[in-house]
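Order of the sequence lines fixes the chain letters, A, B, ..., with proteins taken first and strands second; residue numbering starts at 1 for each chain.
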Number of protein chains: 2
Amino acid sequence: MAILHELSEFRRPVAINLANRPTPANCEDCGARQNGLCEALTEDELAFLARSAQRITLAPGTVFVEEGEKAAYFYNINHGNVRLFKSLPDGRRQITGFSGPGHFLGLAAGENNAFSAEAMDGVKLCRFSRASLMAVFEELPVLERKLLGVAMHELVLAQQQMLLLGRKTAIERIASFLLSWAVRLEICPAGGLPAANSVLKLPLSRTDLADYLGLTIETVSRSLSQLKRDGMIDIPNIHEIILLRPRTLSEIAEAAV
Amino acid sequence: MAILHELSEFRRPVAINLANRPTPANCEDCGARQNGLCEALTEDELAFLARSAQRITLAPGTVFVEEGEKAAYFYNINHGNVRLFKSLPDGRRQITGFSGPGHFLGLAAGENNAFSAEAMDGVKLCRFSRASLMAVFEELPVLERKLLGVAMHELVLAQQQMLLLGRKTAIERIASFLLSWAVRLEICPAGGLPAANSVLKLPLSRTDLADYLGLTIETVSRSLSQLKRDGMIDIPNIHEIILLRPRTLSEIAEAAV
DNA sequence: GGTATTTTTTGATATGGATCAAGGCCGCGT
DNA sequence: ACGCGGCCTTGATCCATATCAAAAAATACC
């Protein structure tokens with residue numbers, strides 16, 4: 001079950017952190033890099049934000065946003081990873097994205113949540129009620145512009161994913177995913193190539209990967225094996241992949257002719 | 001080629017129109033319903049907006065936003081329809097969405113456009129340079145919040161489409177599309193069911209449909225034929241579909257068990 | 001540390017949708 | 001009216017990926 005901490009526990013770098021672009025800051029719990037909006041705000045504004053939120057800790061597997069439920073909260077993740085997904089009644093699942101430290105979610109368009117969100121590991125986050133978020137907007141209009149930028153970026157990622165799901169082959173999907181994950185881990189900038197032999201940590205199961213890429217776990221496994229056979233990658237263990245030939249991988253991903 | 005009109009040609013209902021939610025207003029050229037933000041603005045604010053834009057007319061087939069090009073403009077469509085798409089070098093194409101009167105596009109997340117946009121028919125639109133758009137934001141912060149709402153809504157649609165592309169069968173995709181198009185045409189509200197025997201006008205070719213749904217034109221055609229055989233729909237002509245049994249169609253679309 | 005359980009990989013087979021190939025329909029120009 | 005060319009539909013076949021099945025590896029549990 002979720003454990004609610006008191007607002008007084010809030011501390012600056014962890015509490016308010018609403019951007020999608022990397023600006024270094026360290027999580028006070030784990031030291032992990034975070035992405036922050038803090039830089040744009042004054043001490044007073046940060047304090048205002050902190051007063052509006054609750055801090056929550058979630059156990060792995062906790063579904064804390066449920067598709068179709070009334071959209072009551074807005075979240076800012078401080079620590080851990082979250083999968084966002086939509087499901088069909090017969091159990092088919094499409095993961096629409098992953099959220100990590102510094103990411104926000106729950107700013108729904110309508111009355112109800114359009115997706116579900118589940119903690120993949122131990123997650124710490126800040127929760128804002130919709131009312132308090134509106135109050136924050138009144139006080140900090142800069143937040144709104146920042147969120148617009150974040151939403152635009154999400155939209156770009158969504159369009160890339162639509163191309164992947166609608167038109168790419170299994171191998172192309174895997175190659176695309178590996179490169180996009182490198183960007184996510186800040187191993188290389190968006191649009192750039194990671195260095196050869198870069199090590200990719202994947203905190204995902206094959207099932208997650210399959211549900212994200214619109215494939216089955218068997219096809220994911222086979223495609224990874226094939227890339228390994230072809231000398232594109234190495235797989236020292238389930239949760240680590242080494243990009244041996246990122247350039248070729250990129251050509252596969254983009255279906256370069 | 002694009003024809004640029006002078007700013008003085010601007011008139012209120014056509015000129016500024018940046019919402020995604022339906023609020024009736026008529027296009028001064030064709031009388032078609034439009035979606036408007038105008039209601040939220042004063043005369044002075046509207047005049048300010050109008051001074052910042054250029055009015056442009058496009059011939060069918062004109063690609064006026066090119067993926068990868070520098071993102072220089074922001075557009076508000078007044079008349080006609082636009083397809084948004086991404087392509088792979090070998091010609092595979094994924095349509096990520098359609099834009100019609102009242103829709104906006106081009107508010108890119110990065111330096112370059114993440115997608116291409118092409119006029120499907122005769123299109124009239126307003127064009128803002130990025131600089132003038134920023135000026136508009138300074139003057140009209142309300143626009144920013146409105147656009148955040150629009151972007152959120154786009155994100156919801158994108159997530160639905162990812163579920164469709166990643167996990168639905170051909171028949172389910174077609175059924176989902178027909179119902180979503182009914183919402184788009186304001187035949188029924190989002191989440192609702194259109195009345196039986198509702199007539200759907202489709203200004204799309206089968207190729208567009210296929211590229212939007214991640215299928216081939218043959219599969220689109222076969223699926224439509226099957227729905228017709230099963231008494232779900234009627235197809236009086238290529239660009240019109242009658243929803244005979246919307247309820248069952250919805251059950252197919254959502255894979256209700 | 002060893003055994004049970006889950007996850008991943010690999011193999012064999014099946015199948016939904018792609019591809020290849022006609023044929024039909026419709027609008028357009030003459 | 002006629003013929004042409006561009007969509008669209010339908011049929012036959014193929015293939016990439018799903019499904020079914022089992023072994024291997026990783027992880028959890030006692």
Rounded to whole Å, how long is the line connecting atom CG of B:L165 with atom P of C:dG16?
20 Å
With hydrogens left out and only the distance checked, is there a donor-acceptor pair under 3.5 Å joining A:R229's side chain and the base of C:dT10?
no
Between B:R167 (CZ) and D:dT19 (C1'), how many Å, whole number?
13 Å
B:T219 vs C:dA18: side-chain N/O to OP1/OP2 distance below 4.0 Å
yes
Nearest-nucleotide comparison on DNA chain D, the residue closer to the 5′ end among A:N237 and A:T216
A:T216
Atom CZ of A:R222 and atom P of C:dT13 are separated, to the nearest Å, by 13 Å
Under 4.0 Å between a side-chain N/O of B:T207 and OP1 or OP2 of D:dC7, yes or no?
no
Tell me the interatomic distance from B:E240, atom CD, to D:dC8, atom C1', rounded to whole angstroms.
17 Å
A cation-pi test, strictly: NZ or CZ of A:R83 under 6.0 Å from the centre of the six-membered ring of A:F98 and no more than 45 degrees from its axis. Yes or no?
no
Less than 6.0 Å separating the ring centroids of B:F64 and B:Y73?
no
Could you check A:G214 against A:H239 and say which one's nearest nucleotide on DNA chain D is further toward the 5' end?
A:G214
Thinking salt bridges, do B:R245 and B:E251 make one under a 4.0 Å N-O criterion?
no
Would you kindly give the CD1-to-C1' distance between A:I217 and C:dT6, to the nearest whole Å?
11 Å
Measure CD/B:E218 against C1'/D:dC8 and give the value in whole Å, please.
10 Å
Using whole Å, report how far CD1 of A:I171 lies from C1' of D:dA16.
11 Å
Tell me if the aromatic rings of A:F104 and A:F74 count as close, with their centers under 6.0 Å from one another.
yes
Between D:dT19 (P) and A:L215 (CG): distance, integer Å:
11 Å
Give a yes or no on this: more than 12 heavy atoms of other residues, nucleotides or ligands lie within 6.0 Å of atom CZ of B:R184.
yes
Among D:dT9, C:dT9, D:dA18, the one nearest A:R206 by side-chain distance
C:dT9
Return no unless some side-chain N or O of B:T169 is found under 4.0 Å from OP1 or OP2 of C:dG16.
no
